[in-house]
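Only one structure is covered here, and it is reproduced in the block below.
FYI, the numbering just counts along the sequence from 1. We count ligands from 1, going down the list as the structure has it; atoms in each ligand are counted the same way.
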Amino acid sequence: MNLRPIKYQWAYDLYNQAVANTWFPHEIALGEDLEDWKKMTDDEKHAVTFLMSFFNPSELIVNRTLALGVYPYLKAPETHLYLAKQMWEEANHCQAFEYVLETFPVDRAAIFKWHLDKPAIKVKEDFVTNYLSRLANDRLDINSPEGKKDFVRNLVAYNVIMEGIWFYSGFMVALSFRQRKLLRNFGSMIDWVVRDESLHLKFGINLILTILEENPDIVTPEFSQEIRQMIIDGVAMENSYNQAMFPHGILGLNADYVNQYVQYVADRRLEELGFTPHFKVSNPAKWMAAAMDTLELVNFFEAQNTNYEVNSLANKKSETQN
Ligand code: MN
Ligand code: FE
């Protein structure tokens, strides 16, 4: 119950960065976007609302996961500081997406329910909540190898797959409208969300790598293969979701294009976890990286080959030994 001495400096650094990144949805006026909305086709409106209908409840699912499946199992106070800030950010994102849905003239009651009605969305939600329920309901013994593995599985599901792959797929679709000079203020809002999410992802990946480093007993070939397969399965779920988002495709964008981006992002996540890439495709949306580079710390993982805190510590140790 004492912050000092700090054991995981990376977690404390992320907390301070997150506090510096604080923003509020209503700072962004959506009047111009509402004018754009009136000019957009039904397929384009469907894509935006489909996206919002997944994002909005997802923010709450991530929060539930942090509260019930991550926070209770961590002991270091610096990780609790970070998670407290992340939970506020997820609440803020939920409010931001509600603000968008309340601004655009859409059938809100129907759209708020899509995550239950649309199989392609429900499958994704169920995937994440299944892993969480093992931690939230069963109160696993976190000191047993099986408990540690379930903890890591849950981190991979909500952080690497949901926040690190599915969300990036949605960000790309959302920001593609700005590429065409549409929904530019909405795009700015997404920029702020991406900046937050890039820290969530950095925290999650650092956490996973730290757990694996501190618990080498769970790092077996079978477990590694299972984690790799989870990510590949996550990509398949996103492919079906994108088919439902783009039944016909819109100007400059269709399901195949988005799916290739998803595969590209998934390979980056695999590499960040120490795996070899699986899909080996090029980034079809190079403008994404360029758009992201303009914000400090944004797109952390896309822009550079990450040098992890845990690895750099290990490197420093071996340097002094040598
Ligand atoms: Mn979020
Ligand atoms: Fe997040």
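Hydrophobic cluster membership differs between Leu60 and Phe54, with clusters built from Ile, Leu, Val, Met, Phe, Trp and Tyr side chains linked at under 4.5 angstrom. Grouping the Ile, Leu, Val, Met, Phe, Trp and Tyr side chains by contacts below 4.5 angstrom, directly or via other members, places Val258 apart from Leu251.
Nearest N/O/S atom of Glu90 relative to the Mn ion (ligand 1): this is OE1. The N, O or S atom of Glu197 with the smallest distance to the Fe ion (ligand 2) is OE1. The minimum distance between the Fe ion (ligand 2) and any N, O or S atom of Glu163 involves atom OE2.
Under 2.8 Å from the Mn ion (ligand 1) lies an N/O/S atom of Glu59, whether from backbone or side chain. Checking Glu197 against the Mn ion (ligand 1), an N/O/S atom falls under the 2.8 Å cut-off. With 2.8 Å as the limit, Glu89 does not count as an N, O or S neighbour of the Mn ion (ligand 1). Using a cut-off of 2.8 Å, one finds that His93 contributes an N/O/S atom close to the Mn ion (ligand 1).
Within a 6.0 Å sphere centred on CD of Glu32, other residues, nucleotides and ligands contribute 12 heavy atoms or fewer.
Geometry at the Fe ion (ligand 2): OE2/Glu90 and ND1/His200 form an angle of 90°, nearest 10 degrees.
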Go through it in stages, so that I can follow the logic: the residues are His93 and Glu197, the test is side-chain hydrogen bond (donor to acceptor under 3.5 Å, both in side chains), and I'd like the CA-CA distance, side-chain angles, deciding distance and then a yes or no. CA-CA 10 Å; His93 297 171; Glu197 294 298 339; 3.2 Å; yes
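Just one residue in the list Tyr8, Tyr71, Tyr12 forms a ring pair (Phe, Tyr, Trp, His ring centres under 6.0 Å) with His80, and that residue is Tyr71.
Judged by distance alone, the side chains of Asn259 and Glu238 never bring a donor and an acceptor atom under 3.5 Å apart.
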